[in-house]
Amino acid sequence: MHLFFQELLNGLVVGSIYALVALGLALIYGTMGVPNFAHGHLYMLGAYVAFAGVTIAHIGYWPSMLAAIVVLALVGVLLERLVFRPLRNAPEVNTIIAAVGVLFFLQQFAQLLFGGDYRVFPTPYDKVVHFGGLVATQQQLIVIVAAAVLMIILFWFLKRTLTGATIEAVAQNRAGAALVGIDTDRVSMMVFAISAGLAAAAATLIASINLISPSMGFSVILKAFAIIVLGGMGSVPGAILGAFILAFAESFGGTYISTSYQDAIAFAVLVIILTVRPTGLFAKGT
Amino acid sequence: MLEVRGLRVRYGTSSPALDGVDLTVAPGECVTLLGANGSGKSSLFSALSGLLRFDGDVRFEGDDVGKLRPAAIVARGIAQCPEGRKLFPELSVEKNLRLGAYVGRRDRRGTDEALERVCTLFPDVRDKLRAPAGALSGGQQQMVAIGRALMARPKLLLLDEPSLGLAPRMVQAMLDAVAAINRAGTMVLLAEQNAYAALSIAHRGYVLANGKVVLEGSASTLQQNELVKKAFIGA
Ligand SMILES: Nc1ncnc2c1ncn2[C@@H]1O[C@H](COP(=O)(O)OP(=O)(O)OP(=O)(O)O)[C@@H](O)[C@H]1O
Ligand SMILES: [Mg+2]
């Protein structure tokens, strides 16, 4: 039973991170139809900005996370403005090639600045917490709570504010949104900023549990795409549910079946769900 | 007053979709734009709303509005209820309507009043405020789409084939509502293929064919016109 709860905890931690990353990817795909293959590398860059904040600028953990969010939000805006907007009416393959180009650019950039080695991200929250025989690190609990808080804020923003409604409006009918006077270009930049900011937060939260490296974006982007396919391309609730399904499949599959096939088991679960529901869990309405 | 002079639109390298259109809508008028499929009605509306590049001159209340962005055009008082409605299907009817008032969002009281007026004009809409717009019937969605354009409190309302896909009874209700909007002082430019319906409420009309105005006149003249009868009324 202990093992079960330990894996539940792991699933929650990893699922929270997947959710934050996949959410951003789903938001961009949903509002702009852009499959942003560079998203995992924005996540990576976020980890390095926070790493620099903690180890070079010595501004502390939370200020470093805030810095990573702000810097990545700006990078997101620049990406939209300089790379994806000019390609809005181009064939989708051009957008994909551009995104892959950005991905390699970011990786080289990080490698140049920080070297290609794996780095340990120091956390002040490395103590172990015991409750009723179960153990968790403070950092694990912080991941779960912080991710939940960020998702609640995002939902509140999307559902309860007029600015948030403009994002949903653009996602559901871009021409209709332009006709009521919504600046669709501004919404696109805002979505890229939110998406990259969430990725930076996720990366900073998990960085001290995993290691960081310039190539850490690859496995994340693969999983995030699997998640949004599972969730129904572009669906925000679908991305969250898909994230936890994948994370639990990984952690329980790794424990009860085999650790070496952890990823294969997780993807097998995705394939099975997609066989039953080919459009994903929350197919976007017509 | 809307004054359009020599408006030209060309998609890619094909022959122009609009080829020098002249048209006016005077204060208080309801003007219809009749034209078969592909004659250029929606292209004209897209140009007027700032969604499409064009050559030519568009003046509204004396100002050149031809190069303005869509938001600025709505702010000047030109709102469009587009072909195919272009609602936000998963958002509630109320959110759809409130987004219609997006350019006037700082005036909360004005927005609430506009919402109340739309609900009075379309009682069915009031009952559905909480439902997702995509869950309404076609006729109800058309009312929401017109309502959303009205939420901007426009001086000129552009309506692109609002009768499309509506049952005859719904068409009549929609026409009554448009006539009421016009009587309350809003200029209306109504694109239609249903000439019989459109001419029943319009003061004047234009007939568009292959991107050119081929006929214009008062509603009663157009109703008597052989070409209009043959092409649009099926008499
Ligand atoms: N996005 C586009 N790209 C290329 N050509 C277009 C585009 N939109 C319209 N056209 C062409 O422009 C011409 C006018 O089309 P438009 O949609 O304005 O006509 P319409 O009068 O609104 O027709 P309908 O009654 O079918 O809505 C047509 O020949 C059409 O094929
Ligand atoms: Mg049309």
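Each chain gets a letter, A, B and so on, in the order its sequence line appears, and its residues count up from 1. Every heavy atom of this structure was used, including side-chain atoms; hydrogens, water molecules and symmetry mates were not. All values reported here derive from a predicted model rather than from experimental measurement.
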In the structure I gave you, are the side-chain heavy atoms of A:Leu179 and B:Leu51 within less than 4.5 Å of one another anywhere?
yes
Test item: B:Lys86 and A:Arg174 side chains (from C-beta on) under 4.5 Å apart, heavy atoms: no
Problem set entry | Side-chain heavy atoms of A:Asp185 within contact of B:Arg69, under 4.5 Å | yes
Would A:Leu162 and B:Leu99 count as a side chain to side chain contact (heavy atoms under 4.5 Å, CB included) here? Give the steps.
CA-CA 8 Å; A:Leu162 192 63; B:Leu99 282 166; 3.9 Å; yes
For B:Asn210, is the CG atom crowded, meaning more than 12 foreign heavy atoms sit under 6.0 Å from it?
no
Of all heavy-atom pairs linking B:Lys95 and A:Lys159, the shortest is NZ-O, 2.8 Å
Of the listed A:Val170, A:Thr166, A:Thr184, A:Val180, the one with the largest count of heavy-atom pairs under 4.5 Å with chain B is A:Val180
What one should report as the nearest heavy-atom pair of B:Pro70 and A:Ala178 is CB-O, 3.5 Å
On a heavy-atom basis, the closest approach of A:Arg186 and B:Tyr102 is NH1-OH, 4.3 Å
Quiz prompt | Whether over 12 other heavy atoms sit under 6.0 Å from B:Lys128 NZ | solution = no
Cut-off 4.5 Å, heavy atoms of chain A, and the answer for B:Ile73 is neither
